[in-house]
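Just follow the structure's listing: the first ligand is 1, and inside any ligand the first atom is 1. Just so you know, these numbers come straight off a predicted model, no measurement behind them.
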Amino acid sequence: VDPALIRNFSIIAHIDHGKSTLADRILDVTGALTAREQVAQFLDKMEIERERGITVKAQTVRLDYKALNGVTYRLHLIDTPGHVDFHYEVSRSLQACEGALLVVDASQGVEAQTLANVYLAIENNLEVIPVLNKIDLPSADPDRTRREIEDVIGLDCNGIVQASAKTGLGIRDILEEIVARVPAPKGDADAAPRALIFDSWYDSYRGAVIMVRVVDGVLRKGQKVRLMATGRDYELVEMGVFAPHPTPITSLGPGEVGFLVANIKSVVDTKIGDTVTDAVHPATVPLPGFKDVKPMVFAGVFPTDSGQYEDLRDALSKLNMNDASFVFEPDTSEALGFGFRCGFLGLLHMEIIQERLEREYNLDLITTAPSVAFHVYMTDGSMRRIENPAKMPPTQSMDRIEEPIYRVMIHVPSGYVGAVLALCQERRGEQKSLQYASADRVIITYDLPLGEVLFDFHDKLKSVSRGYASMDYELVGYRADDLVKLDMLVNGEPLDALSVIVHREKAYTRGRDLAVKLKDIVPRQQYEVAIQAALGTKVIARTTVRALRKDVTAKCYGGDISRKRKLLEKQKEGKKRMKMVGSVEIPQEAFLAILKLD
Ligand code: GTP
């Protein structure tokens with residue numbers, strides 16, 4: 001196809017503003033799907049995505065659109081995920097495009113991720129086309145929303161398309177705007193081929209499949225290609241596009257987008273951001289790649305049944321083949337046995353992986369409280385990255401502990417500013433700015449420790465603002481604070497799975513809460529059990545599980561024999577899941593309960 005007729009674009013939006021619904025309508029209008037296939041949200045493939053209504057893996061389709069001028073254009077719609085945990089996927093999808101549709105819910109207006117996504121699009125020099133969505137809603141206020149887009153983002157909204165992805169209104173207008181305004185790709189068809197890898201996944205029949213956007217030259221089926229980062233050569237055995245179903249093709253020219261199969265065993269070899277070139281006449285300079293992403297949230301993942309350890313390892317390896325952004329390594333815990341320490345991009349990412357492990361691989365898991373990675377400076381001047389509170393070096397060997405700091409941008413109606421400021425202060429935030437975006441909308445910027453943002457910050461923010469506040473965040477650096485390791489002890493033995501790093505001022509409340517919870521969960525023994533919260537050797541809270549007074553099984557004797565047998569069987573079942581901590585037996589459920597609280 002003539003590159004002049006190609007349009008590559010993404011849809012960007014704040015979460016729930018209707019990006020996936022709009023993508024579906026575009027598929028309808030271009031006739032890409034038969035009526036039977038028009039199930040809602042074709043692009044959200046995985047079951048979990050459909051249930052949660054979020055897009056995790058970017059998915060790209062080729063569509064042919066006959067415009068009002070009679071010319072048929074080839075559109076590549078590159079889907080992007082909406083959640084902040086997956087920012088890096090948005091960014092790399094945008095690098096494969098020349099334009100972006102900015103979808104704004106006309107009943108909600110500009111929100112934090114609207115702005116964050118627009119910045120990403122502008123950084124990538126994309127033509128941004130704003131669209132007002134959901135104008136079918138009685139609460140839609142297109143005039144106000146248009147003013148917000150002009151004032152806050154600075155985009156010209158003359159002739160802005162008013163659409164409803166629900167009713168199908170305005171979809172053709174959007175396609176006409178894309179054809180008219182998104183620049184055609186520029187590229188040299190005769191140059192040595194250079195194609196950008198912007199996604200890859202594992203297919204059990206084909207091995208690694210890579211999604212590319214060709215910049216220069218032509219890739220052909222059967223060609224010997226080289227991945228420039230690793231320098232390895234492969235034969236292109238299969239090429240295809242999603243139209244929207246996988247469709248084989250024999251070549252991809254400048255500006256085109258499609259997938260490649262080349263007998264690559266693992267996605268680990270297909271570095272996202274790498275350049276595919278010809279093996280015999282390679283390009284000399286690779287395309288500019290992407291920033292590396294690092295996991296920010298860490299947690300121990302343990303099978304509740306130790307017999308499932310190998311299954312868990314297999315499952316993690318398989319998931320990792322598709323998602324190289326999470327990491328894992330073997331870990332052991334006194335309390336939970338053998339498992340893995342895993343690193344994730346954020347909490348949502350962690351929940352998704354955990355859910356997939358349980359659902360798709362039938363595993364029963366315990367996940368420890370998530371932690372951030374600390375930079376620990378030792379008295380000898382060296383620095384260690386600590387991702388597991390249980391592995392913190394002894395206090396006297398440390399000079400200081402630094403924690404990751406996020407710059408958090410919060411959009412909120414002016415009436416809730418006070419409540420939001422109070423929340424940020426309580427979370428050890430440092431205010432950076434406070435601006436009025438319009439008469440009644442405020443943008444508040446804070447630097448907050450990631451550990452304080454991770455847990456229930458978003459929920460709290462929503463509740464203090466009655467659901468009106470939205471937020472976005474990015475890592476800005478590391479900062480030292482008075483951080484301490486809080487241990488929980490049972491009769492003097494630490495429960496490593498429950499250790500956390502907290503600010504000294506919060507250690508007392510946290511320790512007391514945990515001690516009280518544990519007291520209710522640890523079963524009574526023949527003797528008294530002390531439960532303590534400690535900072536190093538200093539105990540800061542204590543509760544006591546009193547000794548049993550009488551034999552609980554006594555009442556069974558002489559009773560109904562089948563009831564007794566049932567009880568014994570239940571005890572045996574329970575035994576398997578008991579963990580010895582010093583001389584005290586603690587059911588695994590206790591850890592589960594503690595880790596679920598919070
Ligand atoms: P993520 O994929 O999670 O980023 O969300 P999204 O931006 O793709 O939003 P999605 O398409 O899932 O739409 C969110 C909700 O808004 C869904 O319940 C849609 O049915 C609804 N919705 C989308 N477009 C319209 C519209 O034009 N009008 C109305 N009334 N509802 C819409």
Original post:
Does the pair Glu256/Arg74 count as a salt bridge with the N-to-O cut at 4.0 Å?
Top reply: yes

**OP:** Identify which of Ala163, Ser20, Ala140 has a heavy atom lying nearest to atom 8 (O) of ligand 1.
**Re:** Ser20

Subject >> Minimum-distance pair of heavy atoms, taken over all atoms of Ser93 and Ile78 >> reply: CB-CG2, 3.6 Å

**OP:** Measure from atom 4 (O) of ligand 1 to every heavy atom in Lys19, Lys134, His17 and give the option owning the shortest one.
**Re:** Lys19

Subject >> Exceeds 12 heavy-atom contacts within 6.0 angstrom, atom CZ of Arg181 >> reply: yes

Subject >> Lys166 NZ: over 12 foreign heavy atoms closer than 6.0 Å >> reply: no

Original post:
Near Leu137, which atoms of ligand 1 are under 4.0 Å from a heavy atom of that residue?
Top reply: 30 (N)

Original post:
Side chain or backbone of Asp16 under 4.0 Å from ligand 1, or both, or neither, by non-hydrogen atoms?
Top reply: both

**OP:** Please identify which atoms of ligand 1 are closer than 4.0 Å to at least one heavy atom of Asn133.
**Re:** 24 (N), 25 (C), 27 (O)

**OP:** Ignoring hydrogens, just give me the one of Thr21, Ile12, Asp136 whose non-hydrogen atom is nearest atom 23 (C) of ligand 1.
**Re:** Thr21

Original post:
Should Glu474 and Arg407 count as an ion pair when the cut-off is N to O under 4.0 Å?
Top reply: no

Subject >> Sub-4.0 Å atoms of ligand 1 with respect to non-hydrogen atoms of Ile15 >> reply: 3 (O), 4 (O)

Subject >> Within 6.0 Å of OH in Tyr468, more than 12 heavy atoms from elsewhere >> reply: no

Original post:
For ligand 1, which atoms sit closer than 4.0 Å to a heavy atom of Ser164?
Top reply: 26 (C), 27 (O), 28 (N)

